[in-house]
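Keep in mind that what you see is a predicted model, and the values were worked out from it rather than measured. No hydrogens, no waters, no symmetry mates; every other heavy atom, side chains included, goes into these values.
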Amino acid sequence: MRHRAVQGTLALVLLVAVVGAQPTDTAVAAPADEFVIQEDDAQQMRTLDATWHAGAGQFLVVWSEHPDHSLNGSEVHSGDDKIRGRLVGLADPAVAVPAMGAAFDISTGGASKDFPQVAHVLDTLIPAQQVSLVVWTDHRDGGADIYGQIVDSSGTARQGSNFKISGADPDNFPAVAYGQRDSGDGVFLVVWERELASNDSEVYGQLIQGADASGVNAPGTLIGSNFQISASESWFASAPAVAFDPANDRFLVTWTDDSFFPGDSSSDIYGRIVTATGGTVGGNKLISSQTGAEGSPQVLFHPEQNEYLVVWTRGLTSSGATSVYGQRVDTSGNTTGGAINIAATAAQEGAGEPAIDRETGSYIVPIISGPNVVTRIEVEMVKVSATGTVVSREDVASDTAANKGPAVAVYGATPLAPGGAATISEVLIVWRDARAGSDPLLDQNVYGNMVEVKTDTDGDGLLDSWETNGFVDMNDNGVLDAGDFDFTTLPAANRPNVNHKDLYIEIDWMEVDADGDGVFCDSLGNGCDPNQPGDHSHGPLPVAGSLPTGTSFDPVITSFANAPVNNPDGVTGINLYLDVGQMGGGGPTPDVAGLDFFA
């Protein structure tokens, strides 16, 4: 919500908040190598997903697990597949492998199972409702249906039983996102591909209750019935993905559209807006129609940019090359700017599920690549700025010989800790990996690596790297450039301390000086201009001899310094820096009726 400043008011522009700020951090040493999340010689780990399970303050990784069965070199199912999960803790710079909970069964009932996806409840008035929902394709009833399971707030056990979400098989390839409408209320939207005929499939959805402070619906309760999302067209709408826009209480659902024939060069990326009550807004929206076969889209919403990023894999039939592209999409489902070339090299690249590093606002896009479409042997990450500029590309997996499967990135962070304890944030990338065995079909395990690992030692919302390197790295490229805030331009006494909480506030105010002679009343009505008695200022009251600003705000600075707030340096208090002009930012602005300081 925007707040409009009333005419004649004083505006405080908050640069960095302490209390209640988003947990933020600086880059510290990530584990030197990736680590194994799940490995079992008798089991084959297949498709996977991950989320931040807020109830436990850890990542929840889920995967499909198939016993090793093969016939003449081909995989077969014997009806004993499982969907399983495991908690993975935040990285500890002192150890190579983060703490992990025991793996546990999420599915029951036997039969063929695959394509698990997971989303979580982040904010709720009832801690027991801080759960996750896992969905997957399940054949226990003879056909392909979508099933679900609530994982309790501990992140280590099922809450209730598996439940059927769809039953008009064949239904496949589910995706899920959580829509937090307010602190006590939210819904999951599960989407999937439904085959309606041999030459026609559409995207369908189902709303499922998340948090509900009223207690009317328990998490996992189906709301209404299955509904169609993609507007009917010939041929195939497939491989859907979904993300939630909390500002407008709406989802964007994306999919691959093969309007003429599945997998040919006509396949494009489409999307449609769905409300949090299950209504569709407008028709199908074309997101990308480049030459080649575009497919397997992923989508996420950037709350600071107030827009979506859609990422997909693009294949060129002429050369067989595959690349990764992206597109910014506004809250109405319309494209913004052109297509973003995220990864297009001589290697064959495929897109994974991206995440947002909330500390820097950058997108982290995991990709798998290799010499051809079948042989994908590398896991990499591409960092993309919040405005769609590729910043960097780097390896995630050290092994570059064994086949790798789809990759998923997810952000997680500790809450701001009391007493000055360090906060940690990071992005976990997980993927399927065949390096442990000789059979690339059956010897598949789940690997992970922590990237963008950061700490904020004093918990003040300023990254340690910003405080020690001397600048706020707004585009997260590691160098001081345009758009970054340079702390070294401030007086030495006004620069931040990595071990003591710092809070910076720029103060601007309105003033009226109709004749421009520099004479007007101060904030108490003193010294008024005899020629223009209406001239006045809403600025701070000057106080002779007062430090550090020489204004009536100085007692506030003293109060913050005396606050009973602990810091790592052992000294209580918060260093409050009020910029009324002496730091190069604050100052007067002409009196304009209805001026919006937050625009």
Side-chain angles (χ1 to χ4, degrees), residues 25 27-53 56-65 83-104 106 116 118 132 151 155-156 352-355 357 364-370 376-383 393-414 422 424-438 440 442-455:
D25 337 53
V28 299
D33 298 304
E34 62 272 35
F35 52 91
V36 178
I37 295 174
Q38 183 69 8
E39 182 176 23
D40 188 335
D41 291 339
Q43 302 289 332
Q44 174 193 171
M45 317 308 155
R46 294 283 291 170
T47 52
L48 51 80
D49 197 21
T51 191
W52 176 251
H53 189 79
Q58 299 183 61
F59 300 99
L60 175 61
V61 182
V62 300
W63 63 90
S64 58
E65 189 169 289
I83 305 298
R84 308 195 75 205
R86 189 173 198 179
L87 287 177
V88 177
L90 290 160
D92 180 348
V95 298
V97 179
M100 288 185 279
F104 65 99
I106 293 172
V118 60
S132 288
V151 175
T156 60
E353 294 183 31
D357 180 358
I364 304 299
V365 182
I367 62 173
I368 54 171
S369 62
R376 298 285 177 85
I377 57 176
E378 295 186 66
V379 181
E380 301 172 274
M381 58 168 272
V382 179
K383 186 184 298 184
R393 178 172 174 171
E394 58 191 86
D395 291 333
V396 174
S398 60
D399 174 82
T400 58
N403 281 332
K404 310 292 190 296
V408 175
V410 59
Y411 168 86
T414 58
I424 295 177
S425 79
E426 58 208 39
V427 174
L428 169 65
I429 296 181
V430 297
W431 67 93
R432 188 183 70 217
D433 198 305
R435 77 180 71 175
S438 59
L442 299 180
D443 295 324
Q444 302 274 2
N445 299 302
V446 180
Y447 275 67
N449 201 347
M450 302 294 187
V451 300
E452 300 298 292
V453 182
K454 301 165 184 172
T455 59

Report task. Just do the side-chain contact (heavy atoms from CB on, under 4.5 Å) check on W431 and V396 with the steps written out, would you? Result -> CA-CA 10 Å; W431 67 93; V396 174; 3.7 Å; yes

Query - Results of salt bridge (charged side-chain N to carboxylate O under 4.0 Å, His left out) for E378 - residues two or more places apart only - result: none

Requested in this report: Applying side chain to side chain contact (heavy atoms under 4.5 Å, CB included), name anything that partners S398, two or more places apart in sequence or on another chain.
Outcome: E34, R435

Is [Y] close to [X] at the side-chain level, that is, under 4.5 Å between some pair of heavy atoms?
| X | Y | value |
| --- | --- | --- |
| E452 | M381 | yes |
| P366 | E353 | no |
| D433 | K404 | yes |
| Q43 | R84 | no |
| I377 | N403 | yes |
| V151 | V118 | no |

Requested in this report: Decide yes or no on side-chain contact (heavy atoms from CB on, under 4.5 Å) for I367 and R393, but give the supporting numbers first.
Outcome: CA-CA 10 Å; I367 62 173; R393 178 172 174 171; 3.5 Å; yes

Of the non-hydrogen atoms in [X] and [Y], which two are nearest, and what is the gap between them?
| X | Y | value |
| --- | --- | --- |
| N445 | Q38 | CB-O, 3.3 Å |
| G412 | W52 | CA-CE3, 3.4 Å |
| M45 | W63 | SD-NE1, 3.6 Å |
| A91 | M450 | CB-CG, 3.8 Å |
| P116 | T47 | CD-OG1, 3.1 Å |
| V379 | I368 | CG2-CG2, 4.2 Å |

Atom [atom1] in [X], atom [atom2] in [Y]: separation rounded to 0.5 Å?
| X | Y | atom1 | atom2 | value |
| --- | --- | --- | --- | --- |
| H53 | L60 | NE2 | CG | 6.5 Å |
| Y447 | L48 | OH | CG | 13.5 Å |
| D395 | N449 | CG | CG | 10.5 Å |
| K383 | E394 | NZ | CD | 6.5 Å |

Report task. Just do the side-chain contact (heavy atoms from CB on, under 4.5 Å) check on I364 and I429 with the steps written out, would you? Result -> CA-CA 9 Å; I364 304 299; I429 296 181; 4.3 Å; yes

Requested in this report: Please lay out, stage by stage, how F35 and V88 fare under the test side-chain contact (heavy atoms from CB on, under 4.5 Å).
Outcome: CA-CA 11 Å; F35 52 91; V88 177; 4.1 Å; yes

Query raised in the report: Out of I37, D40, V62, which residue meets the side-chain contact (heavy atoms from CB on, under 4.5 Å) rule with V446?
Result: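 Exactly one pass, corresponding to I37.
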
